[in-house]
Amino acid sequence: MTSIADTSSLMDKAAVSDRFGRAAPSYDAHAGLQLACALSLLDMAPAELPDSRALELGCATAPLARRQQSRWPDSRWLAVDLSPSMLAEARARGRTGERFQPLCADAERLPLADAGLGLVYSSFALQWCLPERAMAEAARVLVPSGHLLLAVPLAGSLHELRDSWAAADGTRRPRLNRLPAETDWRRALEGAGLFPQQWRRMAFTEHYPDVRTLVRAFKATGVDHVQGGATGLTGKAAWRALCDAYEARRQPAGLPLTWDVLFVEAIKEPHG
């Protein structure tokens, strides 16, 4: 069986950047759940930071930039994203500036000095990374007693869509990326010397009127990128099969799509 580490290590970051870049103009209009999780993560934040310098990993269009700066009035942020187009969209929307500076970089290879930040914040971004690498980099750039705020979707998310695709085409081709499990993140945090202070796991279910609307929302946020797999069904018969399989799951509110999300506040081990 292929492990999460094996799968993640083969992730084509250029393809991820390109796919999310194409979604940049439409991202804000369709990323309601991502924004809700980012706000919930911000609510877990400490009142004070050991250093005013902060970093958002995977900022996308930086929808929380103003809230983040208001939370800590003296803070100075780096807004990191793998996609230049996402950062350009953030700039066009007036969210970057002297206190929230964009930086195009990979979360697994940050071009930053050791121990220079009081906070690393990341919501719905690091599922594209190896947990061990991402957490090691976060720990490296944090000052002692610095804070990590992390929200990531877990393995088991989107099971309704995954199972409907499997029923529709009857193949083992991956239609969704495999996500790390809760145990993968716990192991990565411990290995990096990051000690959880808060640990929450919550399920969020969105509802859609039909499969076409659901797929459009996926494309509009870039979530439809699949490493080494297929992103869509070809042919009218295959499409009807997917719709029929998903319709069997319909609830009164519509077609369900569930995200299993982990929220963590952790502190870097202090010296001594």
Side-chain angles (χ1 to χ4, degrees), residues 1-17 19-20 33-34 37-38 40-42 44-45 54-60 78 80-83 103 105-112 114-115 117 119-142 146-159 162 174 176-204 222-223 225-229 258-269:
M1 177 180 291
T2 302
S3 69
I4 288 293
D6 292 338
T7 303
S8 299
S9 64
L10 297 174
M11 182 64 70
D12 184 344
K13 295 293 182 69
V16 174
S17 173
R19 183 64 196 89
F20 276 90
L33 182 129
Q34 287 89 333
C37 289
S40 295
L41 183 63
L42 192 59
M44 297 171 62
L55 168 69
E56 181 172 4
L57 282 178
C59 66
L78 285 173
V80 172
D81 202 272
L82 191 63
S83 167
L103 173 64
D106 184 346
E108 294 183 356
R109 299 175 181 84
L110 293 172
L112 301 173
D114 295 354
L117 302 168
L119 171 68
V120 171
Y121 173 101
S122 183
S123 182
F124 263 68
L126 297 187
Q127 66 271 19
W128 300 99
C129 300
L130 275 168
E132 292 84 357
R133 291 181 186 171
M135 293 300 92
E137 275 294 88
R140 181 183 67 80
V141 299
L142 282 170
H147 290 261
L148 168 74
L149 289 171
L150 173 69
V152 283
L154 296 172
S157 293
L158 314 178
H159 62 86
R162 187 186 306 274
L176 296 169
N177 288 306
R178 292 185 63 195
L179 298 173
E182 183 176 7
T183 53
D184 295 310
W185 289 108
R186 189 179 293 278
R187 186 182 308 113
L189 286 159
E190 291 175 354
L194 295 167
F195 295 88
Q197 307 300 298
Q198 299 182 69
W199 189 280
R200 303 173 188 170
R201 183 172 176 174
M202 300 177 64
F204 300 86
V223 181
H225 173 76
V226 180
Q227 182 70 12
T258 302
W259 295 86
D260 189 6
V261 184
L262 176 66
F263 296 87
V264 178
E265 180 209 357
I267 295 179
K268 180 179 177 178
E269 182 177 20

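All figures in this text were calculated on a predicted structure; none of them were measured in a lab.
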Quiz item: Have W259 and Q34 got a donor and an acceptor in their side chains that come within less than 3.5 Å?
Solution: no
I need the minimum non-hydrogen distance between [X] and [Y], along with the two atoms involved.
X	Y	result
A134	C129	CB-CB, 4.0 Å
A138	L148	CB-CD1, 4.3 Å
A188	E132	CB-N, 3.7 Å

Taking the side chain as everything from C-beta on, heavy atoms only, tell me whether [X] gets closer than 4.5 Å to [Y].
X	Y	result
L82	W128	no
L179	L158	no
M135	E190	no
P111	L103	yes
W185	V264	no
L57	E137	no
Y121	C59	no

Atom [atom1] in [X], atom [atom2] in [Y]: separation rounded to 0.5 Å?
X	Y	atom1	atom2	result
H147	Q197	NE2	CD	8.0 Å
D260	H159	CG	NE2	9.0 Å
L262	R186	CG	CZ	8.0 Å
L117	R140	CG	CZ	9.5 Å
L41	Q198	CG	CD	9.5 Å
L150	W199	CG	CH2	8.0 Å

Practice problem: Test side chain to side chain contact (heavy atoms under 4.5 Å, CB included) on F263 and S123 and set out the steps. | Solution: CA-CA 9 Å; F263 296 87; S123 182; 5.8 Å; no
Exercise. Look only at the side chain of E182 and the backbone of L154, and say whether a donor-acceptor pair between them is shorter than 3.5 Å.
Key: no
Quiz item: Side chain of K268, backbone of G146: donor and acceptor closer than 3.5 Å?
Solution: no
Quiz prompt | E265: partners by salt bridge (charged side-chain N to carboxylate O under 4.0 Å, His left out), with sequence neighbours left out | solution = none
Exercise. Return the set of residues passing salt bridge (charged side-chain N to carboxylate O under 4.0 Å, His left out) with R187 (not counting sequence neighbours), or none when no residue passes.
Key: D184
Quiz item: Do L142 and L194 pass the side chain to side chain contact (heavy atoms under 4.5 Å, CB included) test, and can you show the C-alpha distance, the side-chain angles, and the key distance before you say yes or no?
Solution: CA-CA 10 Å; L142 282 170; L194 295 167; 4.0 Å; yes
